[in-house]
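As the structure lists them, so they are numbered: ligands from 1, and atoms in each ligand from 1. Counting begins at 1 with the first residue of the sequence. Values reported hereafter were calculated over all heavy atoms of this structure, with side chains retained and with hydrogens, waters and symmetry mates removed.
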Amino acid sequence: MNQGLKLLFVSTPVGLLGSGACGGVELTILNFAKVLRQRGHNVTIVAPEHSRLESFSLVEIPGTLQRSAQTLNRDDPVIMPDNAVLVNFWNYVQNVADQYDLILNFAYDWLPLFLTPFFNGKLIHLISIGSFTDVMDRVVQDVMQRCPGSIGFHTHSQAETFGFKAGYVCLKNGFDLSQYQFCATPQNQLAWMGRIAPERGLEDAVYASLTTGIPLKIMGIIQDELYWQQIIQNYSEAPIQYLGFLSTNQLQEHLRQCRGLLMTHRWMEAFGNVAIEALACGVPVISYRRGGPTEMIREGITGWLVEPDNINELVRAIQKLDQIDRSVCRQQAETEYSLAALGDRIEQWFAQVLSL
Ligand code: HBI
């Protein structure tokens, strides 16, 4: 793509960028912004007030945060708080839309999807999680039909939860791999990373740490304090260490010295950024065979896929970690998940959208 585009990113309304509360979306937005800026595009990011994103300037919008979709039941209606930051986002976007070539929405919310046809082909979406509610499924399906090409997913497994087999864009993700240092000789320890909340199944990783006697380093914000306290009480003997929510640099310093990363999610993980962060450091990934990680991890080559929720299989996989060549893990991250690879996928998507 030889012409610099004027791009407007609209963040998720569930938390502040820089706080850890937006999960993988924070890093995704940063990676998208970085690679597109590198390629000569101009990126402006709309986000909730008090957000921070490295060297990017943000348009900060006040208002009440949105409730996370994963806390809703399947038949729940759309919920809109008074003075919603989401509504304030889109009032702003509507006023400035003329100044941009494309508007990329990162929110997993009904309102921006519903607005798609009103933006005359300029509004596109990256869907960040799998299917959760009927009302979201319907609007995603409607938009796919009315505005072909306007929806991108991270993985095929994720798209399938909405009932799609084709006709969508699969972007995976990409990372600034220079920020992750390869480590060939780890210590005898394991890693677990993510928001600490029930849908992440941390207790299974803690059980595996206790059973194998291998220390577990836990990194991420404690989003559900009660859930965390329960884990500590139930597994008081487990050799675990909580390191908090770390910067990418601090995170990779700990992560790279681990023998493996455990992914024990109970929900359909749409992608799983942490898997690629691990591979980038040469750390093999053991994951439940659920969602995105099933498309990334090469069985027995860059990690192991385990029957979901089967803690005995999880423990057996840990015992096979030494069969993995750590340099192959790094290589996989470089070929499939570099910023350059992501940039190519994004620009291909944009070219397709702009020529429609
Ligand atoms: N829920 N309502 C809503 N909006 C989002 O943008 C959203 C969400 N839940 C989870 C989510 N985004 C993810 O991307 C997580 O990484 C936080």
Quiz item: Which one holds for Cys22 and ligand 1: side chain close, backbone close, both close, or neither close, with close meaning a heavy atom under 4.0 Å?
Solution: backbone

Quiz prompt | Thr12, any N or O under 3.5 Å of ligand 1 N or O | solution =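 Yes, there is a polar N/O contact under 3.5 Å.
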
Quiz item: Can you find a non-hydrogen atom of Glu26 under 4.0 Å from ligand 1?
Solution: no

Practice problem: Report the nearest protein non-hydrogen atom to atom 11 (C) of ligand 1: residue, atom name, distance rounded to 0.1 Å. | Solution: Ser128 OG, 4.0 Å

Practice problem: Could you tell me the residue and atom name of the protein heavy atom closest to atom 9 (N) of ligand 1, and the distance to it rounded to 0.1 Å? | Solution: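 Heavy-atom neighbour on the protein nearest atom 9 (N) of ligand 1: Gln70 OE1, 2.8 Å.
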
Self-check item: Donor-acceptor contact present, side-chain Asn234 to main-chain Ile231, <3.5 Å
Solution: no

Quiz item: With no hydrogens and no angle check, is any side-chain donor or acceptor of Arg345 less than 3.5 Å from a backbone partner on Asn173?
Solution: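 Flag set: sc Arg345 to bb Asn173 pair under 3.5 Å.
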
Quiz item: At a 4.0 Å threshold, what atoms of ligand 1 neighbour a non-hydrogen atom of Ile129?
Solution: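 Per the distance check, 9 (N), 10 (C), 13 (C).
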
Quiz prompt | Per-atom contacts of ligand 1 with Asp109, taking only distances under 4.0 Å to non-hydrogen atoms | solution = 2 (N), 3 (C), 4 (N), 5 (C), 6 (O)

Quiz item: Where does the angle between the aromatic ring planes of Phe118 and Phe114 fall among parallel (under 30°), tilted (30 to 60°) and perpendicular (over 60°)?
Solution: tilted

Exercise. Could you check whether the rings of Phe162 and Tyr108 sit parallel, tilted or perpendicular, using 30° and 60° as the cut-offs?
Key: tilted

Quiz item: Hey, which of Tyr100, Phe89, Phe106 is the one that makes ring pair (Phe, Tyr, Trp, His ring centres under 6.0 Å) with Phe9?
Solution: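 Of Tyr100, Phe89, Phe106, ring pair (Phe, Tyr, Trp, His ring centres under 6.0 Å) with Phe9 is met by Phe106 alone.
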
